[in-house]
Amino acid sequence: MNTRVADLHLHTYYSDGTESPEQVVARAHRAGLAAIAITDHDTVAGIDQARRAATAANIEVIPATELSADFEGREIHILGYYIDDTSTTLRSRLEEVCHSRKERILVMLEKLSQRGISLSFADVTEGTHALCIGRLHLAMALKKNGFVASCAEAFQKYIGDTGPCYVSSFNVTPQQAVTCIREAGGVPVLAHPYILNSARDIERLIADGIAGLEVYHSDHTRAMTDHFIAIAQKHSLVITGGSDCHGLGKARVLMGSVKVPYILVERLRQCAQSSRL
Ligand code: AMP
Ligand code: FE
Ligand code: FE
Ligand code: ZN
């Protein structure tokens, strides 16, 4: 019997996780995971380190990234699995995104300053290793500097998707994100699909080239999971799942809370291989 399990959604401190790739691998080892995917937002910087640490622990590392896109005014995330993380085209595209992320945070800081909250970009990046700065860094800086009591409050009051200081402006369409992943040899998978309103939204994204759904996720209820399994089956999509662990960046460390059977890794790998033929 094959009881191997995997977590296909993990962040390191190169994006908005709080742990190094080595710490993530060590935690995966303790959680009994046979395979993990490093899915940092808009960067592949942690993958090589994770791979090296994982060899000793006999854990398989799936190279991946999590791209942001604007879908009809909403921010969605698209995971790219089995991307070629050595691709210079991919790396330079991601660098551009990280640059525009910095510009975006600067606009959010400006909006916060209009509400009497004075923080600099250096305050946001202080003590981080991140190459890709996001809202979780901003939330942590707001907390550290005493403007809010928790990261959750920062999102609730200021920088959540409908908050007064939120700025989207990724200027990336789902189609562009999908193309970026496919050109790097990867499989595009819609992350945490509960953020969308309807099956129709998912069908639109399938038309844009999404090949999989992250059915299992730490924010999904059992009913949501069942709903997304049905959609994935109807459209012959690959099924993935993961905890979306950000280390201590979220209210609790999520690794271990979602474990998917290894067969899903095999199917995902086959999908990557057949799309490259
Ligand atoms: P960004 O990519 O900069 O838009 O930030 C997205 C990240 O912010 C997500 O991956 C989460 O880590 C975090 N995030 C978004 N909304 C919330 C929320 N309501 N509470 C806590 N973290 C959140
Ligand atoms: Fe994140
Ligand atoms: Fe996400
Ligand atoms: Zn994530």
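Just so it is clear, the values below take in all heavy atoms, side chains as well, and ignore hydrogens, waters and symmetry mates. Counting convention: from 1, in listed order, for ligands and their atoms alike. Everything quoted here is computed from the prediction, not taken from an experiment.
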I'd like the atom name of the N/O/S atom in H77 lying closest to the Fe ion (ligand 3).
ND1
Does a salt bridge link E72 with R204, judged by any charged N lying under 4.0 Å from a carboxylate O?
yes
Between Q156, H41, H246, E75, flag the one that comes closest to atom 1 (P) of ligand 1 by a heavy atom.
E75
Within 4.0 Å of some non-hydrogen atom of D16, the atoms of ligand 1 are 7 (C), 10 (O), 12 (O)
With heavy atoms of R104 as the reference, note each atom of ligand 1 found under 4.0 Å away.
1 (P), 3 (O), 4 (O)
Ligand 1 N/O within reach of R135 N/O, cut-off under 3.5 Å:
yes
Against heavy atoms of L136, which atoms of ligand 1 measure under 4.0 Å?
12 (O)
Does a salt bridge link K250 with D244, judged by any charged N lying under 4.0 Å from a carboxylate O?
no
For the pair R4 and E60, find out whether any cationic side-chain nitrogen is under 4.0 Å from an anionic carboxylate oxygen.
no
Any Lys/Arg nitrogen of D42 or R101 sitting under 4.0 Å from an Asp/Glu carboxylate oxygen of the other?
yes
Do the side chains of R74 and D70 get close enough for a salt bridge, i.e. N-O under 4.0 angstrom?
no
Can you list the atoms of ligand 1 that are under 4.0 Å from a heavy atom of K250?
11 (C), 12 (O), 22 (N)
Identify the protein heavy atom lying closest to atom 13 (C) of ligand 1, giving its residue, its atom name and the separation to 0.1 Å.
F155 CZ, 3.6 Å
Which atoms of ligand 1 sit under 4.0 Å from any heavy atom of G134?
3 (O)
So that I can check it, does any N, O or S atom in H9 come closer than 2.8 Å to the Fe ion (ligand 3)?
no
Roughly how far, to the nearest 0.5 Å, is the OH atom of Y166 from the CD1 atom of I159?
10.5 Å
Any side-chain donor near an acceptor of the partner, H11 and E66, under 3.5 Å
yes
For ligand 1, which atoms, with element, lie under 4.0 Å from some heavy atom of R101?
1 (P), 2 (O), 3 (O)
Using 4.0 Å as the upper bound for N to carboxylate O, is an ion pair formed by D48 and R52?
yes
Mind reading off the angle at the Fe ion (ligand 2) between the NE2 atom of H41 and the NE2 atom of H246, rounded to 10°?
130°
Is it the side chain, the backbone, both or neither of D244 that has a heavy atom closer than 4.0 Å to ligand 1?
neither
May I ask whether E66 has any heavy atom positioned less than 4.0 angstrom from an atom of ligand 1?
no
Would you name the N/O/S atom of E66 that lies closest to the Fe ion (ligand 3)?
OE2
Between H192 and H77, what is the ring plane arrangement, given parallel below 30°, perpendicular above 60°, and tilted in between?
perpendicular
Relative to the ring of H217, is the ring of H9 parallel (under 30°), tilted (30 to 60°) or perpendicular (over 60°)?
perpendicular
Considering just N/O/S atoms, say which atom of D16 is closest to the Fe ion (ligand 2).
OD2
